[in-house]
Structure formats: C-alpha cells, structure tokens
Amino acid sequence: MTRKTVFITGATSGFGRASARRFAEAGWGLVLTGRRVERLQELQKELGSKVPVHIATLDVRDAQAVARIVAELPDDFRDIHCLVNNAGLALAPQAAQQTELADWHTMIDTNVTGLVNVTHSLLPTLIRSGAGASIVNLGSVAGAWPYPGSHVYGASKAFVRQFSLNLRCDLLGTGVRVTDIEPGMAETEFTLVRTKGDQAASAALYQGTTPLSAEDVAEQIFYVASLPPQININRLEIMPTRQAWAGFAVDRD
Ligand code: NDP
Ligand code: 8X3
C-alpha cells in the first residue's frame, strides 16, 4: 500500500504536534509547518526515523509564503492526502470594549485568512488524491456558543465552521472530505498565548478539573481522516465531560 502524507499547520505545539505523532504512529508521511523552527527540528528528529518528515517554517498569514512552500514540496511529499488546518490562536480574553484592535486583526489574519491561504494552495493536490482525502479544520465550540471575551475569536471559528460546510458543497464529487473539529476546553499552550504569557492564569483555568488533552483531540483528527472513504464527519463537537454550558446572563438593576 502506498504511504499517505498529511500536511499539518501549527505542528509546533498542542493539537498539531500531537497529531504529527498520531499520524506517524500509523505510518503516514508528514509535512510539518509552524513559525518556531527549532520545535519543527525537534519533531523531525523524534519522528524522522519512523516515517518521512518534511519541515517548513511557515507563517500561515503570508499567502505568498504558503504558495511557495506548497510549490516547493519535495517530490516524495507532493501528494497530500490530508490537510490539518490547525494553526490558530485566541487573544484578548477581556470584554470587546477593552481590547486592542491589533489583537482582533491577528486573530482574523491567522484563523480566517491563514486557513483559507493554506486550503486554497492545497486544494489541487487534495483533489488529485481524490477518494479518502480529507481537510480537517480546527474550529471550536466558540464558533457556535457565545461567551464573554470570545468576540472575534468565536466569530473567526464560526467562519471556519461555515467555510468547512461550504467547501463540502463545492468538493462534492471529488472524493475530498471536509470536517470541522470543534473542541471545548483543552490544555495546550492556547491559554498561555491568549493571556500573552500569563502562566498563572493558564494554570488556574485548568486547575481542579479535567480538560481535554492534545492527544485526545489528535485522536479525533486522526479518526476522521482515517475513516473509510465513503464516510464524511461534517462537524465533530468534543467537550471534556467536566465542561458544560451556563445559563443566559441577565443585566439587573
Ligand atoms: P497551541 O497554542 O498549543 O498551538 C497553536 C499552534 O498554532 C502552534 O503550533 C503555533 O505555532 C501555530 N500558529 C499560531 N499562529 C500561527 C501563524 N501565524 N502561522 C503558523 N502557525 C501559527 O494551541 P492549540 O493546539 O490548543 O490550538 C490549535 C488550534 O485548535 C487553534 O486553531 C485553536 O484555536 C483551536 N482550538 C483550541 C482549543 C483549546 O482549548 N486548546 C479548543 C478549540 C479549538 P508557532 O507559534 O510555532 O507558529
Ligand atoms: C477554545 C475553546 O472554550 O476557550 O477554542 O473557546 S474555548
């Protein structure tokens, strides 16, 4: 059987790194991207003896860089069977009226523009791969459920959700599947990034409960990508058992 290859954005941490390990365990070739080159090199060192690994430093916000990296993929990594659109971030957890506009732009540029940059560049190779190929997008529960401090982050994930479903319509007949994975609270570097390095705030969020782990989410990413080709999971919302919804908020005198 020919080896399949997965292209992962944001492979330097959290879900992306755990997904690299999960796909490697199943024998897939890896194209690993992210901005922190030393972490990509570490992962290549860790996994390169098991499966073919190509690393590329990439900021997904840069459309030209995305196109160049895809055009320059080595021959052995040209046929992509799965794209994991994972690079993303939240910033500014305070109320909308207390945030910096630049943080809103960074979220839109990464979670929306970056994701479409990579998708657009890889569509031709995914369509060539045909039946059984997959695009796995990292949305979030925040794309469907509003909560204070989610403002642009949640809205960017609502884009990911609808873009995923719309792509399904256009890709009908190509065999390429599309899934929006929508995790709830998961312990990664996500909160450290969201709070701009506040280690105590990050630790406090996860303290005394049982969040999802990066490996829990990677298992779901691998699951949807390795299902038989006739099955498309459209949306997969996953929460920790110890997380649920709160009631409506009411402003009172
Ligand atoms: P991490 O902060 O641990 O990982 C985020 C990854 O995204 C890093 O590898 C980072 O790499 C990469 N990244 C960020 N900005 C860019 C950029 N401009 N270009 C390329 N890569 C970038 O967070 P998670 O693993 O938790 O998050 C992964 C995805 O899952 C995100 O889209 C997030 O919104 C989503 N998500 C997270 C949840 C959670 O609770 N943790 C829940 C639901 C969804 P580098 O900095 O090296 O570029
Ligand atoms: C991240 C999960 O609950 O912080 O997308 O919005 S949450």
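Note that the structure is predicted; figures quoted are calculated from it, not measured. These numbers come from the heavy atoms of this one structure, side chains and all, not from hydrogens, waters or symmetry mates. Ligands are counted one by one from 1 in listed order, and the atoms in each one are counted from 1 as well.
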* ligand 1 and Pro183, any nitrogen or oxygen pair closer than 3.5 angstrom? -> no

* Asked: Just wondering, are more than 12 heavy atoms of other shown residues or ligands nearer than 6.0 Å to CG in Leu101?
  -> yes

* To do: Tell me, please: is Thr9 in heavy-atom contact with ligand 1, that is, under 4.0 Å?
  => no

* **Nearest-neighbour protein heavy atom for atom 20 (C) of ligand 1, which is reported as residue plus atom name and distance** => Leu58 O, 3.3 Å

* Structure fact -> Taking only non-hydrogen atoms of Arg36 and a 4.0 Å limit, the atoms of ligand 1 in range are 8 (C), 10 (C), 11 (O), 45 (P), 46 (O), 47 (O)

* Salt-bridge test for Glu189 and Arg36: reply yes if a basic N is under 4.0 Å from a carboxylate O, no otherwise. => yes

* If you have a sec, work out which protein heavy atom is nearest atom 34 (O) of ligand 1 and how many Å separate them, to one decimal? => Tyr153 OH, 2.7 Å

* For ligand 1, which atoms sit closer than 4.0 Å to a heavy atom of Glu189? -> 2 (O), 3 (O)

* Counting heavy atoms not belonging to Gln64, are there more than 12 under 6.0 Å from its CD? -> no

* Asked: For atom 3 (O) of ligand 2, which protein heavy atom lies nearest, and how many Å away is it?
  -> Val141 CG2, 3.9 Å

* To do: Using a 4.0 Å heavy-atom cut-off, say whether Thr110 meets ligand 1 through its side chain, its backbone, both or neither.
  => side chain

* Asked: Could a heavy atom of Ala142 be found less than 4.0 Å from some atom of ligand 1?
  -> no

* Spacing of CZ belonging to Arg22 relative to CD1 belonging to Ile8, to within rounding of 0.5 Å -> 12.0 Å

* Under 3.5 Å: N/O of Met185 near N/O of ligand 1 -> no

* **Shortest protein contact, atom 37 (C) of ligand 1 (heavy atom only)** => Phe15 CE1, 3.4 Å

* Asked: Side chain, backbone, both or neither: which part of Thr33 comes within less than 4.0 Å of ligand 1 when only heavy atoms are counted?
  -> neither

* Which of the ligand 2 atoms, numbered from 1, are nearer than 4.0 Å to a heavy atom of Tyr147 -> 4 (O), 6 (O), 7 (S)

* Can you find an N or O of Tyr206 that's nearer than 3.5 Å to an N or O of ligand 1? -> no

* Asked: Heavy-atom contacts under 4.0 Å between Glu182 and ligand 1: side chain, backbone, both, or neither?
  -> neither

* Structure fact -> Per-atom filter on ligand 2: closer than 4.0 angstrom to a heavy atom of Phe190 are 1 (C), 4 (O), 5 (O)

* Structure fact -> Restricting to heavy atoms, the pick from Gly88, Ala87, Gly14 nearest atom 5 (C) of ligand 1 would be Gly88

* Is any side-chain N of the basic residue among Arg168 and Asp180 closer than 4.0 Å to the acidic one's carboxylate O? -> no

* Below 3.5 angstrom, do we get any N/O pair linking Tyr153 and ligand 2? -> yes

* Starting from atom 3 (O) of ligand 1, find the nearest protein heavy-atom neighbour and note its residue, name and distance. => Ser13 OG, 2.5 Å

* Nearest-0.5 Å distance, OG1 of residue Thr110 to CZ of residue Arg35 -> 6.5 Å

* When rounded to the nearest 0.5 angstrom, what is the spacing between NE2 in His105 and CG in Leu91? -> 12.5 Å

* **Phe159 CZ: over 12 foreign heavy atoms closer than 6.0 Å** => yes

* Are any of the N or O atoms of Ser140 closer than 3.5 Å to those of ligand 1? -> no

* Would you say Gly10 and ligand 1 have an N/O pair spaced under 3.5 Å apart? -> yes

* Asked: When only distance counts, is Gly34 in polar contact with ligand 1, meaning an N/O pair under 3.5 Å?
  -> no

* Structure fact -> Quick note on ligand 1: atoms under 4.0 Å from a heavy atom of Gly139 include exactly 43 (C), 44 (C)

* **Distance filter under 4.0 Å to Ala142 heavy atoms, resulting ligand 2 atoms** => 6 (O)

* To do: Below 4.0 angstrom from a heavy atom of Thr12, which ligand 1 atoms are there? Numbered from 1 as shown, please.
  => 8 (C), 9 (O), 10 (C), 11 (O), 45 (P), 47 (O)

* How long is the gap from CZ on Phe7 to OG1 on Thr5, to the nearest 0.5 Å? -> 11.5 Å

* Could you tell me if any non-hydrogen atom of Lys157 lies under 4.0 Å from any atom of ligand 1? => yes

* For the residue pair Gln199 and Leu192, establish whether any side-chain heavy-atom pair is separated by less than 4.5 Å. => yes

* Hydrophobic side-chain clustering at under 4.5 Å (ILVMFWY, transitive links): who's grouped with Trp245? Put none if nobody. => Val141, Trp145, Met239

* Do me a favour and list the nearest non-hydrogen protein atom to atom 42 (C) of ligand 1 with residue, atom name and distance? => Gly184 O, 3.2 Å

* Tell me which protein heavy atom sits closest to atom 24 (P) of ligand 1, plus the residue, atom name and distance to 0.1 Å. => Thr188 OG1, 3.4 Å

* With a 3.5 Å cut-off and no angle check, do the side chains of Asn85 and Asn137 form a donor-acceptor pair? -> yes

* Any heavy atom of Pro211 sitting closer than 4.0 Å to ligand 1? -> no

* Supply the atom-to-atom distance Asp170 CG to Ile127 CD1, rounded to the nearest 0.5 angstrom. => 9.5 Å

* To do: Return the residue, atom name and 0.1 Å-rounded distance of the protein heavy atom closest to atom 4 (O) of ligand 2.
  => Arg194 NH1, 3.2 Å

* Asked: Can you tell me if Lys157 has a non-hydrogen atom under 4.0 Å from ligand 2?
  -> no

* Structure fact -> If you compare Gly88, Ser140, Ala90, Ser150 by their heavy atoms, the one closest to atom 2 (C) of ligand 2 turns out to be Ser140

* **Nearest neighbour of atom 32 (O) of ligand 1 from the list Asn86, Leu40, Leu138, on a heavy-atom basis** => Asn86

* Asked: Any sub-3.5 Å donor-acceptor pair from Ser129's side-chain atoms to Thr125's backbone N or O?
  -> yes

* Structure fact -> the protein heavy atom lying closest to atom 15 (N) of ligand 1 turns out to be Arg35 NH2, 3.1 Å

* Structure fact -> Looking only at protein heavy atoms, what sits closest to atom 18 (N) of ligand 1 is Asp59 OD1, 2.9 Å

* Aromatic contact, Tyr153 with Phe190 (centres under 6.0 Å) -> yes

* Drop me the distance from Thr191's OG1 to Met185's CE, to the nearest 0.5 angstrom. => 8.5 Å

* To do: Test Glu182 against Arg161 for salt bridge (charged side-chain N to carboxylate O under 4.0 Å, His left out), laying out the working first.
  => CA-CA 8 Å; Glu182 302 169 6; Arg161 175 192 175 113; 3.5 Å; yes

* Pair Glu46 + Arg21, salt bridge at N-O below 4.0 Å -> yes

* Asked: Does a donor on one side chain and an acceptor on the other come within less than 3.5 Å for Thr106 and Asp109?
  -> no

* Flag if over 12 foreign heavy atoms under 6.0 Å of CD, Gln94 -> yes

